[in-house]
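Data first, discussion second: the structure below is written as structure tokens.
Counting starts at 1 for both ligands and their atoms, following the listed order.
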Amino acid sequence: MEEVKVVSYGVGAVGSLIAKTLLEKSGVKVVGAIDVAKDKVGRDLGEFLGLKKLGITISNDTDTVLSKTKPDIVVHATSSYLKDTYSQIASIVKHGVDVISTCEELSYPYHSEPKLAKELDELAKKHGATVVGTGINPGFLMDTLVITLTAVCQKIEKIEAVRVMNAATRRLPFQRKIGAGLTVEEFRQKIEGGEITGHVGLEQSIAMIADALAWKLDGIRAEPVEPVIAKQPVKSDFITVETGKVAGLRQRAKGMVKGREVIVLDFQAYIGAEEEYDAITITGVPTVRQKIQPCIHGDTGTVAMVINAIPKVLNAPAGLLTMKDLPVPSAALEDMRKYLKA
Ligand SMILES: NC(=O)c1ccc[n+]([C@@H]2O[C@H](COP(=O)([O-])OP(=O)(O)OC[C@H]3O[C@@H](n4cnc5c(N)ncnc54)[C@H](OP(=O)(O)O)[C@@H]3O)[C@@H](O)[C@H]2O)c1
């Protein structure tokens, strides 16, 4: 069997890590790279990644790359909202090629973008392609893992998931994205201006959990993004946060039934978090408490989620699917071809 041919679409922070990891994997061949950034287009992918020359030129012409390379799958990592990524994903699907994307909204688009989700599903089925949005969060920690843990419950009253990250251990762009080092006023201005959007995906995760349990929610309430204020000076390798300034952010979203909070997701990312963890509490019969310490690193986990999903997506039927529709997630550590259905 031939190696699985993959095109990397979007070679930014996450896409580059995915491409680098794919280049080391057996049973996979990176055959093309797409991006629009001026500093990337025209460069050799290998050299751009700090590796040896590969003879793969980063291109902004999706049609030409896909027609020439005929990949089995595209790994896509450009932006968070489906309205921005729809045309990019549609242009891949039209070639009959499967897509795994880190677009947060695509992880469960039926809540915020039902029309686009339906259109994409129809387009994918028409062209025999499978589309899945995944990543560490959304994609796993606050949805797929939660859903999996509910399997041992006979009754459930409430589900809570908390992710606490010490942003000091993350990239500078991430620290900027969460407003670290700003004054509270600057933080609020950037939130208003849309420069800081906070974490995207809490509502998608809640909708996915509710649908898996066939819970009809009265609504999903996303609370405003709040700054986490430094109580003492804290610092990362890049930023020093003085007392009273913003160390990062906290966001909560709640799934409601008859005025009762039945699903609560709590995302916290700030410089100086003493304890990093991913915790899930399912109150029910039995009550389940699960805690991962330290929390899973977002980049590492996202790269793994995307690559490990490749064989499951290639084996899946056509259409827009979500993590809830794929088989139980697992690592694909061996030659990628070993996981493919004959
Ligand atoms: N689900 C999850 O758990 C998860 C985890 C990590 C990341 N994500 C999401 O994945 C996305 C990518 O993350 P990142 O950190 O790698 O972002 P990034 O560093 O900004 O990289 C995105 C790259 O895609 C390029 N791009 C933008 N629009 C494009 C288009 N139409 N066609 C081709 N390339 C395009 C960008 O170019 P320009 O710089 O010129 O715009 C940039 O080079 C983000 O939305 C992020 O929030 C999700």
(request) Please identify each residue that fulfils side chain to side chain donor-acceptor pair (under 3.5 Å) with N315, with sequence neighbours left out. (result) none
Which N/O atoms of ligand 1 sit under 3.5 Å from a protein N/O, and at what distances?
| unit_1 | atom_1 | unit_2 | atom_2 | d |
| --- | --- | --- | --- | --- |
| ligand 1 | 1 (N) | P138 | O | 3.1 |
| ligand 1 | 3 (O) | I136 | N | 2.9 |
| ligand 1 | 3 (O) | N137 | N | 2.9 |
| ligand 1 | 3 (O) | N137 | O | 3.3 |
| ligand 1 | 10 (O) | T102 | OG1 | 2.7 |
| ligand 1 | 16 (O) | A13 | N | 3.2 |
| ligand 1 | 16 (O) | V14 | N | 2.8 |
| ligand 1 | 19 (O) | A13 | N | 3.0 |
| ligand 1 | 31 (N) | Q88 | NE2 | 3.0 |
| ligand 1 | 34 (N) | V36 | N | 3.4 |
| ligand 1 | 37 (O) | D35 | OD1 | 3.3 |
| ligand 1 | 43 (O) | D35 | OD1 | 3.0 |
| ligand 1 | 43 (O) | D35 | OD2 | 2.9 |
| ligand 1 | 43 (O) | K40 | NZ | 2.5 |
| ligand 1 | 45 (O) | S80 | N | 3.0 |
| ligand 1 | 45 (O) | S80 | OG | 2.8 |
| ligand 1 | 47 (O) | S80 | OG | 3.2 |
| ligand 1 | 47 (O) | E104 | OE1 | 3.3 |
| ligand 1 | 47 (O) | E104 | OE2 | 2.6 |

(request) Can you sort out the partners of R250 under side chain to side chain donor-acceptor pair (under 3.5 Å), two or more places apart, ordered by chain and number? (result) D266
(request) Report yes or no: is the cationic atom of K83 (NZ for Lys, CZ for Arg) under 6.0 Å from the centre of the six-membered ring of Y81, at an angle within 45° of the ring normal? (result) yes
(message) Treating N308 as the side-chain partner and M305 as the backbone partner, does any N or O pair qualify as donor plus acceptor under 3.5 Å?
(response) no
(message) Using the side chain to side chain donor-acceptor pair (under 3.5 Å) criterion, which residues pair with S330? Sequence neighbours excluded.
(response) K312
(message) Let me confirm one number: the NZ-OG1 distance from K155 to T150, rounded to the nearest 0.5 Å.
(response) 16.0 Å
